[in-house]
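Labels below follow one simple rule: chain letters A, B, ... track the order of the sequence lines, proteins then strands, and each chain is numbered from 1.
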There are 2 protein chains.
Amino acid sequence: MKVRIKDIADRAGVSAGTVDRVIHNRGEVSEKTRKRVIGILKEQHYEPDILARTLASRHPLKVAVLIPFHTPENWFWKKPLSGIYDACSELNHFKIEVREFLYDQFAKGDFIEKADEGLNYLPDAVIAAPVYFQETTEFFSRCSESGIHFISVNSNIDHPGQLTYVGQDSRSSGRVAAQLIDFGVLKDSRILVVSIAMDKDNYSHILRREEGFREFWGRNNKASGMEIINLSIAKDSYPYIRRALTETFHKYDSIAGIFVTNSRVYQVAKYLQNTSREDICLVGYDLINPNIKYLNSGTIDFLISQKPHEQGYKALVTVFNKLKMNKQPSPEQLIPIDIICKENLCCYQV
Amino acid sequence: MKVRIKDIADRAGVSAGTVDRVIHNRGEVSEKTRKRVIGILKEQHYEPDILARTLASRHPLKVAVLIPFHTPENWFWKKPLSGIYDACSELNHFKIEVREFLYDQFAKGDFIEKADEGLNYLPDAVIAAPVYFQETTEFFSRCSESGIHFISVNSNIDHPGQLTYVGQDSRSSGRVAAQLIDFGVLKDSRILVVSIAMDKDNYSHILRREEGFREFWGRNNKASGMEIINLSIAKDSYPYIRRALTETFHKYDSIAGIFVTNSRVYQVAKYLQNTSREDICLVGYDLINPNIKYLNSGTIDFLISQKPHEQGYKALVTVFNKLKMNKQPSPEQLIPIDIICKENLCCYQV
DNA sequence: TGTAATTTCGTGTGCGCACACGGCAAAAAT
DNA sequence: ATTTTTGCCGTGTGCGCACACGAAATTACA
């Protein structure tokens, strides 16, 4: 049934050690027998036994994690990390070693420094969040040269040789938001798109969310008559936001729906609650506590989750599958766009 | 770092064989040394190495699957099965043996017969879908006596000693449907709840979905003024359904939303399309092809997925975690209630 | 032709565990 | 007092693989 190294060796008329050397490209095998062994390996569909392999192997699988660190103010990158660790403890038995190289997402120099440290660690694979496009590209190139596998999470750089990308299709998520609002408002309504203090690591996401949001009516319903108004708010402080919203409501009456392109939707919810405008459809991103509060109170109608935890989890599992199981992942692993409302919230809270 | 049997043996002043006998309750150990070894095992937090264990063990982990078989007309039970096999091939290396015992969900006698066969197989664990309450209860009791672990999927019997239940919270899913329709219609609207040809294995689900649906307004919004009308259609044939719907629309004008409590929502969609009533909010269950068609055409607004594939998948993973990894699962594993619309459909299709 | 250097290969050990077998004592039977 | 039984325990082997070591075969060189 199962083909072992010994079986291959017998058929090739050599010893197990020779087959082993062929499998690991460790040299010290004549070209002639190498060809022969390789032929038999393929012919017999040899698959190494992972259990025996990791049991016998002394070296762990080293994975470097190169993402921004999180702070009390910027919680975002906490979840991918815990997702990685959760996956790690599930795969614990397989000798996986995770090492963090967390950088300041607002300091390019720090990224470069931490990237260097990551390479010096001599990992087998790198999980990286590409905040700095140019620098990450260079970093991935260096990985490629050193034979280090690399995968990008959250936003895609699509470097050649990249193992996979794990993240959300932001454009689709924008379309989902549009469909939700379209469903909730009457025809010929005014809809507001609010972008608040776009943070560095989500900048391209936000643009694509907006694109998707517009695309929904552009494609499906040119004559829908929806009027879409843009509002960009530079600072994430409530007084600032309140002023901007007040101005906008003054300028445009009868706004029926609001789409907030990032997690700051709770600020808008606060404003709507304070001004008794809870009937306005409100859709935004991310299951963070202030958002959940307004989801439960009914001010926020829907939240779209980026599932950061799952992103980290899937990233590590992918590394494991590739390097231990020799399973090639699909080039893109798009996280499902979950629609969260008050009534299904409970099943998504971990 | 890692504690091995040998380490325990050294500390206890015995040989590895003795420790092994203690671990596996294989007897032939004096009570005195048994106590001592057990003490050291706990003190040192001994955790067996799964890799070495399965490598050395000759016996596979035997899992019996006792669910209804699927037919071209009744596709439902196909997906849990493939979910189980997907999990199995992922855990392939750990010597897991899955054996199907598929019964006719409309023949109680067949269930009893297949249940017997399942027990004769002498499995380590059973994954069962409890269609017949009384008979499944007896079956689970027999499992309990024989030391066979058992878990129920899709609908919960909550037998004492049950490893876990994997399935959806039907009541919550009804509330989700209610919230969606509430979001899409105006205040003081008429809403129709349609139940079509309730099949045996989903009967209790359907009742609880209805309960949840009503509960939404009962709790949140007593003065909402929504009028909810019930329509039960006994036969799943389009002419029959058409007649019933025509009568209802004749009796009640201005119906704004329809909730179909099972996967037959496509039949209602067909009717709405034929009678140019696509503007009515339509929500139903399950990602089957006819439903997907109407979701894409816009007649169905939302589908709620039972995620049958994931149910099977999780069930087998749970068995594995318990029996191989010795990890106790939570007593209930509720599948998230995913809201599927046209724009996020693609990420959920596997 | 003989010796050294190099290539090529086989053997052995260990990873941590399961399990069979056999040994050695004390207890029981004769 | 001797066999026989029984309880209790240690040892050894194998699971499939990685890797070190050393042996044999080949080549290079004097």
- For C/dT8, does either OP1 or OP2 sit under 4.0 Å from a side-chain N or O belonging to A/T18? no
- Close aromatic pair by centroid cut-off 6.0 Å: A/F320 and A/F94: yes
- Task: Begin from the C-alpha positions of B/E31 and B/R34 and carry the test salt bridge (Lys or Arg N to Asp or Glu O under 4.0 Å) through to its verdict.
- Result: CA-CA 5 Å; B/E31 194 53 28; B/R34 210 182 73 91; 3.5 Å; yes
- A/F101 pairs by ring pair (Phe, Tyr, Trp, His ring centres under 6.0 Å) with which of A/F139, A/F111, A/Y121? A/Y121
- Between protein and nucleotides 15-24 of chain C, map the contacts as a letter string: B base, S sugar-phosphate only, - none, heavy atoms under 4.0 Å, written 5' to 3'. BBBBB-----
- Is a side-chain donor or acceptor of A/D110 paired with a backbone partner of A/D104 at a separation under 3.5 angstrom? yes
- For residues B/H93 and A/L51, report the shortest heavy-atom separation together with the two atoms involved. O-CD1, 3.4 Å
- Message: Regarding A/T54, tell me which of base, sugar-phosphate or nothing describes its non-hydrogen contacts under 4.0 Å with the strands shown.
- Response: nothing
